[in-house]
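What follows is one structure encoded as structure tokens, with my remarks underneath.
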Amino acid sequence: MAATFRYKGFDIPVDLAHMTGGGEDTFDHISKEHMQQADDHIGISPDNSIVEIGCGIGRDAIPLAERLSSKGQYLGIDVVKPMIDWCQRAITAKHPNFRFVHFDVAEKWYNPNGSVTLQQCKIPVPDASVDAIILHSVFTHMMKQDVAHYLSEFARILKPNGKVLATFFIVNGDILQNQGPKSYITFYHPLGGGCYVHELEKPTHAVAYEENAIAALVASANLRMARPPIWGIWSGRRPQPGAGQDAVILELAG
Ligand SMILES: C[S@@+](CC[C@H](N)C(=O)[O-])C[C@H]1O[C@@H](n2cnc3c(N)ncnc32)[C@H](O)[C@@H]1O
């Protein structure tokens, strides 16, 4: 039997939690930080329809289940099948309006034996039906063509007033020049077009973008930044305490 820890009435598998970048010690703290960011920047109402990409093992779904009414809808998508299986068994069983779908995308870091490309995957919700889309620490593991695919899907599924909250590592000349052995994470490998990776062998281990590269991707999808980026503490642009990664808030360009 796999080791678990108890969180808000759920037994969370430790091995899967570690794959999402944390364990029992940080789970509640990060979960609260995510909810605070959602409240501050996108606003969640009980009857909302929410999509989360890279839902992991419910760090956001579990607190959202306390906040959505039975009219609210949540869809979580991930490329790791055991995470989706666990979320279905544990969360959907208690909250039938919380749905979890596996995208079997070939992804070197998270799902090396996947059978499809992301471009073959469509988010299974109708056009213009979603109030909020959340991605925590997901575009930080993704190459440009996959970010572009998700952004174009977001433009299709967002309601006219809908919002996206997505975290990134956003770099500029200063950050790139001043990184070193003591940095939170380094991005020494440019792949071109404002994209940098931490490790060439496993590029999706950690990916950073220049702000104008993100802006170009966003504009190509007919979305726009609803406000300037919210800096995280990772690059030193924001003093501690605060969220680790940078975040952007997107809306339909109109
Ligand atoms: C660092 S974890 C964060 C998980 C979750 N958002 C959280 O904060 O607990 C990144 C997640 O993104 C998922 N992921 C990676 N590539 C993905 C893709 N193309 N589509 C959906 N999920 C993806 C991984 O499987 C993993 O669960």
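Sequence positions, counted from 1, serve as the residue numbers for this chain. Below, all heavy atoms of this structure are taken into account, side chains as well, without hydrogens, waters or symmetry copies. Read the numbers this way: they start at 1 and go in the same order the structure lists the ligands and their atoms. Quantities reported herein were computed from a predicted structural model and do not represent experimental measurements.
- Closest to atom 25 (O) of ligand 1, if we only count protein heavy atoms, is Asp78 OD1, 2.5 Å.
- Judged by distance alone, the side chain of Thr186 and the main-chain N or O of Tyr188 form no donor-acceptor pair under 3.5 Å.
- A donor-acceptor contact shorter than 3.5 Å is absent between the side chain of Asp246 and the backbone of Phe169.
- By the 30° and 60° cut-offs, the orientation of the rings of Trp234 relative to Phe187 is perpendicular.
- For an aromatic pair to be called close, the ring centres must be under 6.0 Å apart, and His189 with Tyr196 fails this.
- For atom 10 (C) of ligand 1, the closest non-hydrogen atom on the protein side is Ser137 O, 3.2 Å.
- If you check the side chains of Asp28 and Tyr7, you find a donor sitting under 3.5 Å from an acceptor.
- Looking at Gln119 and Asp146, their side chains do bring a donor and an acceptor atom within 3.5 Å of each other.
- The backbone N or O of Thr117 sits less than 3.5 Å from a side-chain atom of Gln120, completing a donor-acceptor pair.
- Neither the backbone nor the side chain of Val105 comes within contact range of ligand 1; no heavy atom lies under 4.0 Å.
- Among protein heavy atoms, atom 15 (C) of ligand 1 sits closest to Tyr110 CD1, 3.7 Å.
- Between the side chain of His198 and the main chain of Ala206, no donor-acceptor pair closer than 3.5 Å is present.
- Listed by number with element, the atoms of ligand 1 under 4.0 angstrom from any heavy atom of Val80 are 25 (O).
- The contact set between ligand 1 and Gly56, taken as ligand atoms under 4.0 Å from a residue heavy atom, comprises 27 (O).
- Looking at ligand 1, you'll find an N or O of His136 within less than 3.5 Å of one of its N or O atoms.
- Residue Tyr150 has at least one nitrogen or oxygen atom sitting less than 3.5 Å from a nitrogen or oxygen atom of ligand 1, judged on distance alone.
- Every atom of ligand 1 is numbered from 1 in the order shown, and the set under 4.0 Å from a heavy atom of Ile53 is 21 (C).
- Judged by the 6.0 Å and 45° rule, Arg237 forms a cation-pi pair with Trp231.
- Between the side chains of Ser49 and Asp131, no donor N or O sits under 3.5 Å from an acceptor N or O.
- Close contacts between ligand 1 and Met83 involve ligand atoms 27 (O) [criterion: under 4.0 Å to a heavy atom].
- Given atom 19 (N) of ligand 1, the protein heavy atom at minimum distance is Met142 CE, 3.5 Å.
- Taking only nitrogen or oxygen atoms, main chain and side chain alike, Gly54 reaches within less than 3.5 Å of ligand 1.
- Of all atoms in ligand 1, listed by their number and element, those nearer than 4.0 Å to a heavy atom of His34 are 8 (O).
- In terms of protein heavy-atom proximity, atom 14 (N) of ligand 1 is closest to Val79 CG2, 3.8 Å.
- Considering backbone and side-chain atoms together, Glu107 places no N or O closer than 3.5 Å to any N or O of ligand 1.
- For ligand 1, the atoms closer than 4.0 angstrom to any heavy atom of His141 are 1 (C).
- Closest protein heavy atom to atom 9 (O) of ligand 1: Arg59 NE, 2.7 Å.
- Phe27 does not carry Lys8 over the face of its six-membered ring by the limits of under 6.0 Å from the centre and within 45° of the normal.
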